[in-house]
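Every heavy atom of this structure was used, including side-chain atoms; hydrogens, water molecules and symmetry mates were not.
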Amino acid sequence: MKPTVSPDLIVYFGGKYVPLAEARVGILTHALNYGTGVFEGIRAHWDEDSSDLYVFRPQDHYERWKQNCGILRIDVEPSVEELCTITVELMRRNHFKSNLYVRPLAYKSAERIGVCPDDENAFAIVVLPFGEYLHSEKGLHAGVSAWRRIEDAAIPVRAKICGAYANSALATDDARRCGFDEAILLNEAGQVTEGATCNLFMVRKGVLITAPVSENVLEGITRSTILEVAQRELAMPVLERPVDRSELYIADELFLSGTAVGLAPVVRVDHRPVKDGAIGAWTRLLQTLYSDVVRGRLAEYRNWVLPVYGTLRNLALNQAELEPTSIA
């Protein structure tokens, strides 16, 4: 049984901090009917050693979110700094001391019938406890989906537009019903793009390979983190290039990456083992590094994390800064 979210959870909705039970939209809301919303995903990790909660790259996530909202002509008025402030305040008001997931959502809020959007917009931010999205401690079994990744000329995947995720939902449903943990999608040219909800990496002969963002993949922040850490910490060659489906079957290692999944090893694809069917050495090294980075344990990457309860703060987050955001 999936855990339920408490109706008393404090969320940011309508420019105020309110209980989740009061954060509701009408059945005719444009975004609900036509998928005209843009969401973002941000992680915060609890670190027992320092007894603090670390939000990972929130500035980068909110910059991407605001940029993506512009594709649908949705204006999110608060600055990136103000959005970070709201996020930290939500964690404090809910007294969270566990791993978390942050869901910012901006959407066309007019309540009417008619596909043409207008300038009625709204946004909300929800923070909730969140464990593993995919249980990958023993490695995952992925399957190539019959559903193709939608093209940028149809709906831009890089924008995290709500309606686009019907594509991911269809692929994920099929994958799970076929006994796979996650789906891998091909583009219309038959080349590998990414997982249904995450980017995909391959290791061949010590080289870290992933599809370029021009291949209808999300411009993942976790993706960029792994590319940088692999080069800086492991001196690992990285290559962004198109990937053929058959390469998945002869890869030395495969893993998925994303805000929700973190870094998740894949040990089987389409009922074929990846190499010897065990989690690879490069993958394990990158998993360890990634875990340390997101918890602020490596000094050279500490500018990527925002402590929630500690005194080492990346931003001047104090109560005075909260006044312009109409907080109740």
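At most 12 heavy atoms of other shown residues, nucleotides or ligands fall within 6.0 angstrom of atom CD in Glu77. The environment of Glu132 atom CD is dense: over 12 non-hydrogen atoms of other residues, nucleotides or ligands sit within 6.0 angstrom. Heavy atoms of other residues, nucleotides or ligands lying less than 6.0 angstrom from CD1 of Ile27 number 12 at most.
Side-chain atoms of Thr85 come within 3.5 Å of backbone N or O of Glu81 as a donor-acceptor pair. Side chain of Ser79 to main chain of Glu82: a donor-acceptor pair is present (N/O by atom type, distance under 3.5 Å, no hydrogens or angles). Although no hydrogens or angles enter the test, the distance criterion places a donor-acceptor pair under 3.5 Å between the side chain of Arg149 and the main chain of Gly195. Side-chain atoms of Asn121 do not come within 3.5 Å of backbone N or O of Val76 as any donor-acceptor pair. Between the side chain of Asn94 and the backbone N or O of Ile10 there is at least one donor-acceptor pair closer than 3.5 Å. Not one N or O on the side chain of Glu63 forms a donor-acceptor pair closer than 3.5 Å with the backbone of Val80. Ser6 contributes a side-chain N or O that, together with a main-chain N or O of Asp8, makes up a donor-acceptor pair within less than 3.5 Å.
How far CG of Leu90 is from OH of Tyr12: 9.0 Å, rounded to the nearest 0.5 Å. Taking CD from Gln231 and CD1 from Ile226, the interatomic distance works out to 12.5 Å, rounded to the nearest 0.5 Å. For the atom pair CG of Leu298 and CG of Leu289, the computed distance is 6.5 Å after rounding to the nearest 0.5 Å. Taken to the nearest 0.5 Å, the CG atom of Asn216 stands 11.5 Å off from the CD1 atom of Ile155. Here the straight-line distance linking atom NE2 of His61 with atom OG1 of Thr222 works out to 5.5 Å at 0.5 Å rounding. How far OG of Ser136 is from CD of Glu182: 11.0 Å, rounded to the nearest 0.5 Å.
A salt bridge links Asp252 with Lys275: the closest approach of a Lys/Arg side-chain nitrogen to an acidic carboxylate oxygen falls below 4.0 angstrom. A salt bridge does not link Arg176 to Asp181: none of the charged nitrogens lies less than 4.0 Å from a carboxylate oxygen. Ion pairing of Lys108 with Asp118 is absent here, as no side-chain N (NZ or NE/NH1/NH2) approaches a carboxylate O to less than 4.0 Å. By the 4.0 Å N-to-carboxylate-O rule, Arg93 lies close enough to Glu89 to be salt-bridged with it. Using a cut-off of 4.0 Å between Lys/Arg side-chain N and Asp/Glu carboxylate O, Asp173 and Arg177 are scored as salt-bridged. Taking 4.0 Å as the cut-off between side-chain N and carboxylate O, Arg245 and Asp270 count as a salt-bridged pair. Salt bridge Glu40/Lys160: absent, no basic N to carboxylate O contact under 4.0 Å.
Remark: Arg272 is positioned above the aromatic ring of Tyr249, its terminal NZ or CZ atom under 6.0 angstrom from the ring centre and at most 45 degrees off the axis.
Centroid-to-centroid, the aromatic rings of His45 and Tyr54 stay 6.0 Å apart or farther. Between Phe123 and Phe13, the distance separating the two ring centers is not shorter than 6.0 angstrom.
Using cut-offs of 30° and 60° for the angle between ring planes, the Phe56 and Trp304 rings count as perpendicular. Under the 30°/60° scheme for interplanar angles, the aromatic rings of Tyr34 and His30 are found to be tilted.
When the side chains of ILVMFWY residues are joined at heavy-atom separations under 4.5 Å, either directly or via intervening members, Ile221 and Ile71 end up in two distinct hydrophobic clusters. Put simply, Leu306 and Tyr101 are part of two different groups of oily side chains (I, L, V, M, F, W, Y) that touch within less than 4.5 Å, one to the next. Side-chain heavy atoms closer than 4.5 Å link hydrophobic residues (I, L, V, M, F, W, Y) into clusters, and following such links, possibly through other members, connects Leu100 to Ile86. By the rule that hydrophobic residues join a cluster once side-chain heavy atoms approach within less than 4.5 Å of another member, Tyr165 and Val261 end up as members of separate clusters. Residues Met236 and Met202 do not share a hydrophobic cluster, defined by chaining ILVMFWY side chains whose heavy atoms lie under 4.5 Å apart.
Taking every heavy atom of both residues into account, Pro265 and Gln287 meet most closely at CD-NE2, 3.5 Å. Nearest heavy-atom pair across Ser224 and Arg57 is OG-NH1, 3.3 Å. Considering all non-hydrogen atoms of both residues, Pro58 and Cys84 come closest at CB-SG, 3.9 Å. Here the closest non-hydrogen pair linking Gly35 and Cys162 is O-CB, 3.7 Å. Across Ala159 and Val38, no two heavy atoms sit closer than the pair O-CG1, 3.3 Å. Val267 approaches Ala278 most closely through the heavy-atom pair CG1-C, 3.8 Å.
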Which is it for Thr193 and Leu186 under the side chain to side chain contact (heavy atoms under 4.5 Å, CB included) test, yes or no, and what are the steps along the way? CA-CA 5 Å; Thr193 59; Leu186 309 179; 5.9 Å; no
For Ile209 and Val203, run side chain to side chain contact (heavy atoms under 4.5 Å, CB included): C-alpha distance rounded to whole Å, both residues' side-chain angles, the deciding distance at 0.1 Å, then the answer. CA-CA 6 Å; Ile209 302 167; Val203 178; over 6 Å; no
Taking it one step at a time, do Val207 and Arg204 satisfy side chain to side chain contact (heavy atoms under 4.5 Å, CB included)? CA-CA 5 Å; Val207 179; Arg204 291 195 65 188; 5.6 Å; no
Test log, rule side chain to side chain contact (heavy atoms under 4.5 Å, CB included), inputs Leu72 and Tyr107: CA-CA 9 Å; Leu72 283 185; Tyr107 56 97; over 6 Å; no
If you apply the rule side chain to side chain donor-acceptor pair (under 3.5 Å), what do you find for Tyr301 with Glu233, and how did you get there? CA-CA 11 Å; Tyr301 303 101; Glu233 303 301 321; 2.6 Å; yes
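Judged by distance alone, the side chains of Thr87 and Tyr62 do bring a donor and an acceptor atom under 3.5 Å apart. Side chains of Arg295 and Ser291: a donor-acceptor N/O pair is present below 3.5 angstrom, by distance only. Remark: the Glu48 side chain and the Trp46 side chain contain an N/O donor-acceptor pair separated by less than 3.5 Å. Checking Thr283 against Glu253 by side-chain atom types alone, a donor-acceptor pair falls below 3.5 Å. Counting only N and O atoms by type, the side chains of Asp174 and Trp147 include a donor and acceptor under 3.5 Å apart. Side-chain contact annotation: Asn99 with Arg43, donor-acceptor N/O pair under 3.5 Å absent. Counting only N and O atoms by type, the side chains of Asn187 and Glu151 include no donor and acceptor under 3.5 Å apart.
For the pair Val102 and Ile125, the minimum side-chain heavy-atom distance is below 4.5 Å. Counting heavy atoms from C-beta outward, Val127 and Phe96 have side chains that approach closer than 4.5 Å. Side-chain atoms of Val192 and Leu248, non-hydrogen and from C-beta on, do get closer than 4.5 Å to each other. Residues Arg92 and Tyr309 have side chains in contact (heavy-atom distance under 4.5 Å, counting atoms from C-beta outward). Using a 4.5 Å heavy-atom threshold, the side chains of Asp52 and Asp47 count as separate. Leu200 is not listed as a side-chain neighbour of Thr210, based on a closest heavy-atom distance of 4.5 Å or more. Contact annotation: the side chain of Val217 never approaches that of Val157 to less than 4.5 Å [non-hydrogen atoms, C-beta and beyond]. Proximity of Tyr290 to Thr225: side-chain heavy atoms (C-beta onward) are separated by under 4.5 Å at one or more points.
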